[in-house]
Protein chains: 2
Amino acid sequence: MRENYDLIFKLVELGVLKTPLKISTVKLAKELGMSQQNASRKLIQLEKSGIIRREITVRGEIISLTQEGRKFIESIYLLLKKNLEEAMGMIVKGIVFTGIGEGGYYVTRKYYETQFLEKLGFKPFPGTLNLRLVEPKSRYILETYPHIFIPGTKTKYRTYGWVKCFPAKINGKLRGSIITLERTHYDEGVIEVISPHNLRKELGLKDGDLVELELIELK
Amino acid sequence: MRENYDLIFKLVELGVLKTPLKISTVKLAKELGMSQQNASRKLIQLEKSGIIRREITVRGEIISLTQEGRKFIESIYLLLKKNLEEAMGMIVKGIVFTGIGEGGYYVTRKYYETQFLEKLGFKPFPGTLNLRLVEPKSRYILETYPHIFIPGTKTKYRTYGWVKCFPAKINGKLRGSIITLERTHYDEGVIEVISPHNLRKELGLKDGDLVELELIELK
DNA sequence: ATTACTACGATCCGAGTAA
DNA sequence: TTTACTCGGATCGTAGTAA
C-alpha cells in the first residue's frame, strides 16, 4: 500500500494531529491540487491502511488519526529530527596552508568589503586563511547549507565573481566565515576563511595546523 | 513531479544529510524493496527536480543533497515538529459528575489492582473520578495517544474487559491516569480518572467543577 | 561490476455520473 | 450539496538488455 505522503502531510497541516478534521473531499482535493474523486479514493486507502478513521456525514467527513497513524507520523518526525540535528552545527575540518595571496587581494576590494560589512556584519582582516579540507567530500555538504550570497559585479576595468559565505565559529572561539569563490585557483578540496580577526596571529596558527569550523545556523 | 518520499526518507536514513552517500542502485533498490531499474529512474527524477545531485562512477554513484533538497526536508521536519509539539502535552478538560459507582467497583478488583500497580506504578484510591469531556471530540484525539493497555481476563465467575490507561497530571498537581474501559455504561463523551490520591478530597472537587488533565508522554 | 534504455503489464488519476 | 463508483488514458514499476 502506497503511503500517500502528500495527503498525510496536508492533513497534518490542516491540524489533524490536534483535532479531528471536518472537511469535504472537494476542499481537500483543492488543497492537494487533485480531483475530488482521487482525494476520496486516497482517503479510503489511508483508512484501509489504518492511518486514519473516517466518519462520513451529509455535509463532509470527519477525519481523525488512529494511534497507528500518529505513530507513523512520529516515526518520520523522529527520523528527520535525528538526522537533521546530527547534521546541524556541522564541523568542518581543514589544514592551514599558505596560498598565493589571491584571497587577500579579493577581500580588500571596496565592493566586497562593503558587502561583507553589510551582510556578515564585520570588516574582514585583510587576508584569507586557506584550508585544505580533511574530508574533501564535506565540501558538498557545505554547499547544501544555507549561506549568504554575494553576487558578482562588473566595473569598467574588471569583473568580480560571486562569493558564498558560511558564517562559522573558528576553533570554538573566534567568529568569521568560510567563503567559496566563483573565481578561484584552488580545487574543490580547498576553502578560505575570513574573519574580523587576524586568525594566524590570534590563534597562533602555522602551516599544517588543524582548524575546526563550526557552522553557525542561519535563521 | 511526484516527490518520491519513500526514496527521500530512505536517503535520509542512510545519512545523506550528513555526508554524500555512496551507494549502488542495486543496494538502494533492495533497501526500498523495488527493482534496480526503478530505483535508478527515481534517482534521475529526484535529480531533475533539484532535490539531489549525483555523480556516477564505475562502482556505484555518489548522492548528495542540493540546498533545495535540504530545505525541502527541513520544511517537512518543521511542519511535523510544529504540529506534534502543539499536540503534545495535550490538555483534556472535563466536568466532574457523580457516577453509578461502577468504576469504583472495577478498580478494586484484585486483577486490575495488580495490573495498575505493575503498569502504572501505583495502587489506585478505591473509586474513580467521572468526567464529562468539555470537548467530546477530544476523546478521539485521546484514543490516538500512546497508552498503557491492560488486557481483559476471565475467571470462573465473570469476565473483565480491557482498560486503556493514559497517565496524566491532574490540575497541574497530582498524578494519576485517565482510563477508558471496554465495558462501560457511559458514552464516548465520558472518561474516568484514577489516582493514588483521593482526588475529590485533596483537590476539593465537587460535581460541576472543571478538571484539567495534562497527558504525560509515554517513553 | 555498474547505470539506464525499451517494452509491457500494473496501477493510478480524472471525467462522468449514481446515490 | 455530499461520497465514491466505473471506465479509459496516463503514469509507474519490472524484466530484459545494452553499454
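Every chain is numbered from 1 and lettered A, B, ... according to where its sequence line falls, protein lines coming before strand lines. Values reported hereafter were calculated over all heavy atoms of this structure, with side chains retained and with hydrogens, waters and symmetry mates removed.
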* Asked: Out of C/dT3, D/dT3, D/dC5, which nucleotide sits closest to the side chain of A/V26?
  -> D/dT3
* A/Q37 has a side chain; which of C/dA4, C/dG14, D/dT3 sits nearest to it? -> C/dG14
* side-chain N/O A/S35 vs C/dC13 OP1/OP2, d < 4.0 Å -> no
* To do: Tell me whether the OP1 or OP2 atom of D/dT2 has a side-chain N or O from A/R54 closer than 4.0 Å.
  => no
When the distance from [atom1] of [X] to [atom2] of [N] is rounded to whole Å, what number comes out?
{"X": "A/M34", "N": "D/dA4", "atom1": "CE", "atom2": "P", "answer": "15 Å"}
{"X": "B/N38", "N": "C/dG9", "atom1": "CG", "atom2": "C1'", "answer": "14 Å"}
{"X": "A/N4", "N": "C/dC12", "atom1": "CG", "atom2": "P", "answer": "9 Å"}
{"X": "B/L43", "N": "C/dA4", "atom1": "CG", "atom2": "P", "answer": "8 Å"}
{"X": "A/K42", "N": "C/dT11", "atom1": "NZ", "atom2": "P", "answer": "15 Å"}
{"X": "A/I62", "N": "D/dT3", "atom1": "CD1", "atom2": "P", "answer": "11 Å"}
{"X": "A/K22", "N": "D/dT1", "atom1": "NZ", "atom2": "P", "answer": "15 Å"}
{"X": "B/I23", "N": "C/dT2", "atom1": "CD1", "atom2": "C1'", "answer": "14 Å"}

* Asked: With no hydrogens and no angle check, is any side-chain donor or acceptor of B/S40 less than 3.5 Å from a backbone partner on B/Q36?
  -> no
* Asked: Taking for each residue the nucleotide of DNA chain D with the nearest heavy atom, is it A/R41 or A/G60 whose nucleotide lies nearer the 5' end?
  -> A/G60
* Is there side-chain contact between A/I8 and A/I76, with at least one heavy-atom pair below 4.5 Å? -> no
* Asked: With a 4.0 Å cut-off on heavy atoms, is A/Q36 in touch with a base, just the backbone sugar-phosphate, or nothing at all?
  -> base
* To do: Scan A/S40 against the nucleic acid and name what it touches under 4.0 Å (heavy atoms): base, sugar-phosphate only, or nothing.
  => base
* Asked: Just checking, A/R109 and A/Y105: is the charged tip under 6.0 Å from the six-membered ring centre and within 45° of the axis?
  -> yes
* Does one side chain, of B/R53 or B/T66, offer a donor that lies under 3.5 Å from an acceptor on the other? -> no
* Asked: Under 6.0 Å from the NZ atom of B/K164, do we count more than 12 heavy atoms belonging to anything else shown?
  -> yes
